[in-house]
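Counting from 1, the numbers follow the sequence of the chain as shown.
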Amino acid sequence: MDLNTVLLVFSAISFIFYGITSFFSKRMVSEYARWGYSNYRILLGFTQLMGGTGLLIGINNSVMLSLVSFLLTFMMITAVFVRIKIKDSFTNMFPAIFYCALNFIIFYNSLN
């Protein structure tokens with residue numbers, strides 16, 4: 001397995017896990033409230049779950065991989081701005097920055 005595939009699978013599993021925890025975790029319920037997105041928790045969790053699944057499908061479908069990795073990059077850019085808006089610390093903001101960069105790398109590599 002090459003490095004790009006490892007990064008892709010890591011991101012996919014992370015988004016699937018995060019999406020699932022958005023549905024059931026009390027901690028995630030409080031995080032969505034803190035971010036000001038309580039009403040969108042299920043929708044956002046579903047998009048994360050579908051994004052992770054789309055990345056896995058994208059292993060064999062380059063168009064799907066490009067589209068999903070672009071959308072996840074955009075989602076994480078939005079997450080960074082939400083964290084800036086609520087004045088989160090860099091430590092709390094770092095995962096959003098990390099997954100933004102990771103999915104941008106996946107997107108960039110999918111174009112080649």
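Cluster annotation: Leu71 and Leu65 are assigned to distinct hydrophobic clusters (Ile/Leu/Val/Met/Phe/Trp/Tyr, side-chain heavy-atom contacts under 4.5 Å, transitive). Residues Ile77 and Leu67 do not share a hydrophobic cluster, clusters being chains of Ile/Leu/Val/Met/Phe/Trp/Tyr side chains in contact below 4.5 Å. Residues Val63 and Phe70 are members of separate hydrophobic clusters, defined by side-chain heavy-atom contacts under 4.5 angstrom among Ile, Leu, Val, Met, Phe, Trp and Tyr. Note: the hydrophobic cluster containing Phe23 also contains Met75 (ILVMFWY, side chain heavy atoms under 4.5 Å, direct or indirect links). Under a hydrophobic-cluster definition in which Ile, Leu, Val, Met, Phe, Trp and Tyr are linked whenever side-chain heavy atoms come within less than 4.5 Å, directly or via other members, Leu44 and Phe15 are assigned to different clusters.
Atom-to-atom distance recorded for Leu111:CG and Ile106:CD1 is 12.0 Å, nearest 0.5 angstrom. Between the CG atom in Leu7 and the CG atom in Leu55 there is a gap of 11.0 Å [rounded to 0.5 Å].
Atom OH of Tyr108 sits in a sparse spot, with 12 or fewer heavy atoms from other residues, nucleotides or ligands closer than 6.0 Å.
Within the 4.5 Å cutoff, the side chain of Leu8 has heavy atoms near those of the Ile59 side chain. The shortest distance between side-chain heavy atoms of Ile16 and Leu56 falls below 4.5 Å. Residues Phe107 and Val68 fail the side-chain proximity criterion, which asks for heavy atoms closer than 4.5 Å.
Note on residues 30-56: pairs passing ring-ring contact (aromatic ring centres under 6.0 Å, His included), not counting sequence neighbours, are Tyr32-Trp35. Sorted by first then second residue, the salt bridge (Lys or Arg N to Asp or Glu O under 4.0 Å) pairs that include residues 5-32, not counting sequence neighbours, are Glu31-Arg34. Legend: side-chain hydrogen bond (donor to acceptor under 3.5 Å, both in side chains) pairs involving residues 54-74, not counting sequence neighbours, sorted by first then second residue: Ser66-Ser110. Applying the side-chain hydrogen bond (donor to acceptor under 3.5 Å, both in side chains) rule to pairs touching residues 9-19 yields Ser11-Asn103, Ser14-Tyr99, sequence neighbours excluded. Here side-chain hydrogen bond (donor to acceptor under 3.5 Å, both in side chains) pairs that include residues 50-59, with residues two or more places apart or in two chains, number zero.
Residues that satisfy the side-chain contact (heavy atoms from CB on, under 4.5 Å) test with Phe74, not counting sequence neighbours, are Thr78. Legend: residues meeting side-chain contact (heavy atoms from CB on, under 4.5 Å) with Phe24, ordered by chain and number and at least two apart, are Ile20. Listed by chain and residue number, Thr5 satisfy the side chain to side chain donor-acceptor pair (under 3.5 Å) test with Asp2 (two or more places apart in sequence, or in another chain). Not a single side chain to side chain donor-acceptor pair (under 3.5 Å) links Thr47 to another residue, sequence neighbours left out. Scanning for side-chain contact (heavy atoms from CB on, under 4.5 Å) contacts around Ser30 gives an empty result, with sequence neighbours left out. For Ala96, the side-chain contact (heavy atoms from CB on, under 4.5 Å) test picks out Met76, Ala79, Val80, Arg83, with sequence neighbours left out.
Met28 approaches Ser22 most closely through the heavy-atom pair CB-CA, 4.1 Å.
Phe17 belongs to no multi-residue hydrophobic cluster, having no ILVMFWY side-chain contact under 4.5 Å with any other such residue.
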